[in-house]
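Quick notes on the structure that follows.
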Amino acid sequence: MNMKEYVIEKTVGAPDWTKVPELQVDNVCWLPDAGVRMEQQICHDDEKIYVHQVAREKNIRAELTDKLGSICTDSCMEFFFSPVPEDRRYFNIELNLNGAIFLGFGHGRADSIRLIPEDHKKLFNIRTNKTADGWEIFYEIPLEFLHVFYPDYDFKSGRVIRANCFKCGDLTVQPHYMMWNETTSETPDFHRPQDFGRMIFA
């Protein structure tokens with residue numbers, strides 16, 4: 001299995017998304033192709049990682065609005081990343097059209113801790129929109145948030161993180177599982193850091 005790579009370009013000020021490379025979340029897994037598609041863009045400055053996710057999806061499910069729901073049952077886009085690969089812990093950020101979040105941190109499904117910020121929409125500056133053929137999310141991951149877990153962390157040029165990007169919707173009209181870097185698992189499971197790709201800060 002090939003490990004995909006993506007360069008997280010550096011930006012100054014608000015990102016110009018027309019200039020940020022897209023990665024394709026196009027590995028359809030475990031279920032027949034439902035015709036759903038997803039792209040993700042990522043860039044950074046010295047203080048934040050900026051994320052833009054786009055889903056091309058006709059039948060959007062967006063039932064959950066609180067902090068405790070299982071977001072993957074709705075139409076959901078997800079970003080899992082391990083800031084320090086040798087540490088092996090990773091964050092999983094799962095969002096729906098309402099901006100409801102599942103935010104976890106740990107080594108894997110067995111020990112992942114759900115994090116519940118007081119105001120996650122403000123902390124991550126989450127914005128969502130319906131589009132002509134689906135929906136999109138914009139959000140930011142502040143360096144000060146990562147400092148809670150990695151006090152000396154920075155986005156220095158050449159730093160490698162391990163990451164994967166996912167699209168799912170367990171209870172949607174067309175259930176589906178898709179990912180950027182392909183998995184070796186024969187059953188549905190996104191919590192497999194051994195299957196993450198590489199992302200490199202420019």
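Just so it is clear, the values below take in all heavy atoms, side chains as well, and ignore hydrogens, waters and symmetry mates.
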- Contacts of type ring-ring contact (aromatic ring centres under 6.0 Å, His included), residue Y50, not counting sequence neighbours: none

- Task: Sequence neighbours left out, what pairs pass ring pair (Phe, Tyr, Trp, His ring centres under 6.0 Å) with at least one residue falling in residues 51-71?
- Result: W17-H52, H52-F138

- Item | Carboxylate-amine/guanidinium proximity below 4.0 Å for K4 and E182 | no

- Where do F102 and G69 come nearest, in terms of heavy atoms and distance? CD1-O, 4.1 Å

- Item | Sub-4.5 Å side-chain heavy-atom contact between F145 and L103 | yes

- Message: Under the side-chain hydrogen bond (donor to acceptor under 3.5 Å, both in side chains) definition, can you give me all pairs with a residue in residues 100-125, not counting sequence neighbours?
- Response: H107-D111, R109-D189, N125-E140

- Note on the structure: Members sharing I116's hydrophobic cluster, built from side-chain contacts under 4.5 Å between Ile, Leu, Val, Met, Phe, Trp and Tyr, are L68

- Write out all pairs satisfying side-chain hydrogen bond (donor to acceptor under 3.5 Å, both in side chains) with one or both partners inside residues 61-73, taking only residues at least two apart or from two chains. R61-D74

- Inter-residue atom distance D33.CG - Q174.CD, 0.5 Å rounding: 9.5 Å

- By side-chain hydrogen bond (donor to acceptor under 3.5 Å, both in side chains), which residues pair with E22, not counting sequence neighbours? Q24

- Query: Side-chain contact, heavy-atom cut-off 4.5 Å: L95 with M77?
  - Reply: no

- Task: Apply side-chain hydrogen bond (donor to acceptor under 3.5 Å, both in side chains) to N27 and list each qualifying residue two or more places apart in sequence or on a separate chain.
- Result: none

- side-chain hydrogen bond (donor to acceptor under 3.5 Å, both in side chains) involving E47 - partner list, sequence neighbours excluded: none

- Interatomic distance, CD1@I71 vs CG@N96, rounded to 0.5 Å, equals 5.0 Å

- Within-4.5 Å side-chain heavy-atom neighbours: I42 and I49: yes

- Determine which pairs satisfy salt bridge (Lys or Arg N to Asp or Glu O under 4.0 Å) with at least one residue from residues 141-170, sequence neighbours left out, and list them in order. E57-K167, D154-R159

- With sequence neighbours excluded, residues passing side-chain hydrogen bond (donor to acceptor under 3.5 Å, both in side chains) with T187: none

- Task: Determine the interplanar angle of the Y6 and W180 rings, folded into 0 to 90°, and report it as parallel if under 30°, tilted if 30 to 60°, perpendicular if over 60°.
- Result: perpendicular

- Tracing side-chain contacts under 4.5 Å among Ile, Leu, Val, Met, Phe, Trp and Tyr outward from F190 reaches W30, L31, F80, Y90, F166, Y177, M179, F196

- Set of ring-ring contact (aromatic ring centres under 6.0 Å, His included) partners for Y150, sequence neighbours left out: none

